[in-house]
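Reading through the C-alpha cells given below for one structure.
Keep in mind the model is a prediction, meaning the values are calculated, not measured. Side chains included, hydrogens not; waters and symmetry mates left out as well; all remaining heavy atoms used.
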Amino acid sequence: MLACKKCMFLTEEEKCPLCSGELSKEWQGMLVIIDHTSSDIAEHMGIKANGRFALKVR
Ligand SMILES: [Zn+2]
C-alpha cells in the first residue's frame with residue numbers, strides 16, 4: 001500500500017484517487033476515517049474524504 005505525499009490517502013493504485021498526488025512507500029501509522037463529516041480527527045487533519053490515511057509520509 002502507498003501513501004499520498006499531499007493528502008496522506010492510502011491507496012493501492014498508481015496515483016492518488018483524491019488529488020492525483022505523488023505516492024510514497026515510506027509512511028507510518030494508519031488512520032481509518034469512516035465518516036469524515038463527524039470525525040474531529042478528520043477535521044483537525046483537513047481530511048475531506050472517507051478511507052485510510054497515513055499519519056506520517058516521507
Ligand atoms: Zn492525495
Side-chain angles (χ1 to χ4, degrees):
M1 198 143 51
L2 301 171
C4 175
K5 287 182 180 177
K6 266 193 196 169
C7 70
M8 321 283 257
F9 189 73
L10 288 170
T11 180
E12 277 155 11
E13 292 175 42
E14 284 178 21
K15 256 191 178 180
C16 176
L18 294 185
C19 73
S20 304
E22 200 186 328
L23 302 175
S24 171
K25 282 181 203 166
E26 306 279 320
W27 59 270
Q28 290 176 334
M30 190 193 286
L31 175 69
V32 180
I33 302 292
I34 294 157
D35 181 2
H36 69 95
T37 57
S38 67
S39 168
D40 290 341
I41 304 164
E43 201 187 329
H44 179 72
M45 289 181 68
I47 292 170
K48 293 179 177 67
N50 298 329
R52 290 173 293 187
F53 292 83
L55 293 178
K56 221 178 187 184
V57 182
R58 268 187 274 171

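- By the side-chain contact (heavy atoms from CB on, under 4.5 Å) test, K6 pairs with C4, C19, sequence neighbours left out.
- Counting only heavy atoms from C-beta outward, the side chains of L31 and M45 approach each other to under 4.5 Å.
- Note on residues 35-45: pairs passing side-chain hydrogen bond (donor to acceptor under 3.5 Å, both in side chains), not counting sequence neighbours, are D35-T37, D35-S38.
- Of all heavy-atom pairs spanning A54 and L10, the tightest one is N-CG, 3.8 Å.
- L2 forms part of a hydrophobic cluster together with L23, judged by ILVMFWY side-chain heavy-atom separations under 4.5 Å.
- Considering CD1 of I47 and CD1 of I41, their distance stands at 8.5 Å, rounded to 0.5 Å.
- For residues 11-28, the set of pairs meeting the salt bridge (Lys or Arg N to Asp or Glu O under 4.0 Å) definition, not counting sequence neighbours, comprises K5-E22, E26-R58.
- The ring-ring contact (aromatic ring centres under 6.0 Å, His included) analysis of residues 5-29, with sequence neighbours excluded, yields the pairs F9-F53.
- Residues I33 and A42 come closest through the heavy atom pair CD1-CB, 3.8 Å.
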